[in-house]
Amino acid sequence: MDFELFTKRVYSITGIDIEYYKERQMKRRIDSLIKRHKYSSYEEYLFYMEKNPSLLKEFTNYLTINVSEFFRNPEQWQVLKKEILPVLVNERGNNIKVWCCASAAGEEPYSLAILFSLLKEDKEYKDVDFKVIASDIDERCLEKCKDGIYDEKTLSNVPLHIRMRCFREKEGKFIISKDIKDMVEFRKIDIIHGDYVKECDLILCRNVVIYLNSEGRDIVYNKLSKSLNKNGVLFIGSTEQIVEYKKMGYSHLKPFFYKKV
């Protein structure tokens with residue numbers, strides 16, 4: 001069994017379409033997993049994976065890359081806070097719908113919720129309803145999101161006064177407060193084949209498409225454009241760019257921010 005056939009079989013049993021991911025990178029990850037279990041081929045690995053639910057779960061967890069931290073690239077969050085959100089609120093009024101389309105363990109959507117919670121203390125934003133929807137294809141990640149328990153290293157960009165306000169420390173772990181947790185709705189969504197959240201004013205798709213090939217990237221950015229309201233904003237990662245953004249219905253607003261036109 002060659003790698004291409006293996007990926008098709010994987011899609012049929014997991015729903016993860018490896019075809020749209022960078023082949024060399026994905027193949028290296030899978031080969032290392034096969035070697036760890038001392039299987040001799042893709043076919044043998046697939047045979048045991050289909051019979052063993054725990055092996056299948058390990059495989060899907062290993063494929064999905066879920067590393068994040070709160071307020072990753074903090075200078076970009078300052079741009080969001082000071083330059084992007086005021087314009088969105090001015091244009092869209094008191095109902096702002098936000099989608100974080102790869103939630104990992106929840107650090108990013110909860111960063112949004114923390115930011116919005118702090119903004120609402122300002123009279124300019126006190127009447128604004130920020131609706132935060134977060135999604136991931138990995139059910140294990142979604143469970144971690146709902147638990148809201150984090151290591152201190154993920155909070156390196158969170159000032160002490162915000163830690164004290166939005167987290168509860170217990171046995172070296174930091175637990176997100178209930179009022180912040182209640183601001184976020186989590187859903188399982190496949191960004192390649194799944195149905196997207198519609199009529200969004202702001203979408204975060206950060207450090208996701210770097211793992212996709214060019215075809216996969218085009219699929220995601222085109223679908224995200226259709227999910228944004230007119231003048232809605234897409235916030236991408238610091239190592240990403242949309243090369244042909246005009247063809248997809250965007251204008252370049254700021255570094256790492258694109259506007260639906």
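Numbers here are sequence positions counted from 1. Reckoned from all heavy atoms, side chains included, excluding hydrogens, waters and symmetry mates. Quick caveat: nothing in here was measured; it's all calculated off a predicted structure.
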With sequence neighbours excluded, what pairs up with [X] under the side-chain contact (heavy atoms from CB on, under 4.5 Å) test?
X	answer
N222	D218, M248
I219	Y20, E215, K223
D2	E4, L5

Hey, do the aromatic rings of Y250 and Y245 have their centres closer than 6.0 Å?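 Here the rings of Y245 and Y250 have centres that are no less than 6.0 Å from each other.
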For F59 and F6, take the angle between the two ring planes, folded into 0 to 90°, and tell me which bin it lands in: parallel under 30, tilted 30 to 60, perpendicular over 60.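 Ring orientation, 0 to 90° scale: perpendicular.
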Which word best sums up how the rings of Y110 and F186 line up, parallel for under 30°, tilted for 30 to 60°, or perpendicular for over 60°?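 Ring orientation, 0 to 90° scale: perpendicular.
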If you measure from [atom1] on [X] to [atom2] on [Y], what distance do you get to the nearest 0.5 Å?
X	Y	atom1	atom2	value
C101	E108	SG	CD	8.5 Å
I203	K97	CD1	NZ	9.5 Å
N231	N90	CG	CG	11.0 Å
L88	K259	CG	NZ	8.5 Å
I176	D147	CD1	CG	12.5 Å
K178	M183	NZ	CE	13.0 Å

After noting the C-alpha distance and the side-chain angles of I192 and L212, does the key distance pass the side chain to side chain contact (heavy atoms under 4.5 Å, CB included) rule? CA-CA 10 Å; I192 296 294; L212 302 177; 4.3 Å; yes
With a 4.5 Å cut-off on side-chain heavy atoms, are [Y] and [X] touching?
X	Y	result
M164	E169	no
C141	K144	no
F116	V132	yes
D129	I96	no
Y125	F130	yes
C200	V98	no

Is it true that [X] and [Y] fall in one hydrophobic cluster, defined by side-chain heavy atoms closer than 4.5 Å?
X	Y	answer
V87	L228	no
L224	V243	no
L118	L85	yes
Y48	V10	yes
L55	F47	yes

Looking at [X], I'd like to know if its [atom1] atom is crowded, meaning that more than 12 non-hydrogen atoms belonging to other residues, nucleotides or ligands lie closer than 6.0 Å.
X	atom1	result
E83	CD	yes
K260	NZ	yes
K254	NZ	no
R36	CZ	yes
E75	CD	yes
F3	CZ	yes

How far apart are the C-alpha atoms of R163 and E152, what are their side-chain angles, what is the distance that settles it, and do they pass the salt bridge (charged side-chain N to carboxylate O under 4.0 Å, His left out) test? CA-CA 10 Å; R163 289 192 193 191; E152 186 173 12; 3.2 Å; yes
Salt bridge check, K126 against E121: does any charged N sit closer than 4.0 Å to a carboxylate O?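 A salt bridge is absent here (no side-chain N lies under 4.0 Å from a carboxylate O).
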Does a salt bridge link E69 with K153, judged by any charged N lying under 4.0 Å from a carboxylate O?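 Between K153 and E69 there is no salt bridge, as every charged N stays at least 4.0 Å from the carboxylate O atoms.
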Does a donor on one side chain and an acceptor on the other come within less than 3.5 Å for [X] and [Y]?
X	Y	result
E58	H37	yes
N229	D201	yes
S238	R206	no
W99	S135	yes
K27	Y42	yes

So S117 and R165, side chain to side chain contact (heavy atoms under 4.5 Å, CB included) or not? Walk me through it. CA-CA 11 Å; S117 177; R165 181 189 181 285; 3.2 Å; yes
With ILVMFWY side chains joined below 4.5 Å, transitively, what does Y11's cluster contain besides itself?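 Listed partners: none, Y11 stands alone.
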Could you identify which residues cluster with I149, counting Ile, Leu, Val, Met, Phe, Trp and Tyr as linked when any side-chain heavy atoms lie under 4.5 Å apart, either directly or through a chain of such contacts?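 Members besides I149, by chain and number: I175.
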Could you go through the ring pair (Phe, Tyr, Trp, His ring centres under 6.0 Å) check for F235 and F257 one step at a time? CA-CA 5 Å; F235 181 13; F257 291 91; 4.3 Å; yes
Can the positive tip of R168 be found less than 6.0 Å from the middle of the six-membered ring of F174, inside 45° of the ring normal?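 Verdict for F174: no cation-pi partner in R168.
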Within the distance-only criterion (no hydrogens, no angle test), does the side chain of [X] pair as donor or acceptor with the backbone N or O of [Y] below 3.5 angstrom?
X	Y	value
S225	Y221	no
N213	G216	yes
S41	E44	yes
D190	I137	no

Starting from the C-alpha separation in whole Å, work towards a yes-or-no answer on salt bridge (charged side-chain N to carboxylate O under 4.0 Å, His left out) for E50 and R9. CA-CA 10 Å; E50 289 179 311; R9 292 280 299 278; 3.3 Å; yes
Side chain to side chain contact (heavy atoms under 4.5 Å, CB included) evaluation trace for I162 with I114: CA-CA 8 Å; I162 297 179; I114 290 169; 3.7 Å; yes
In chain order, what residues pass the ring pair (Phe, Tyr, Trp, His ring centres under 6.0 Å) check against F70, with sequence neighbours excluded?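 For F70, the residues satisfying ring pair (Phe, Tyr, Trp, His ring centres under 6.0 Å) (neighbours in sequence not counted) are Y150, F167.
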Please test K188 against D136 for salt bridge (charged side-chain N to carboxylate O under 4.0 Å, His left out), starting from the C-alpha separation and ending with a verdict. CA-CA 5 Å; K188 181 179 180 180; D136 206 282; over 6 Å; no
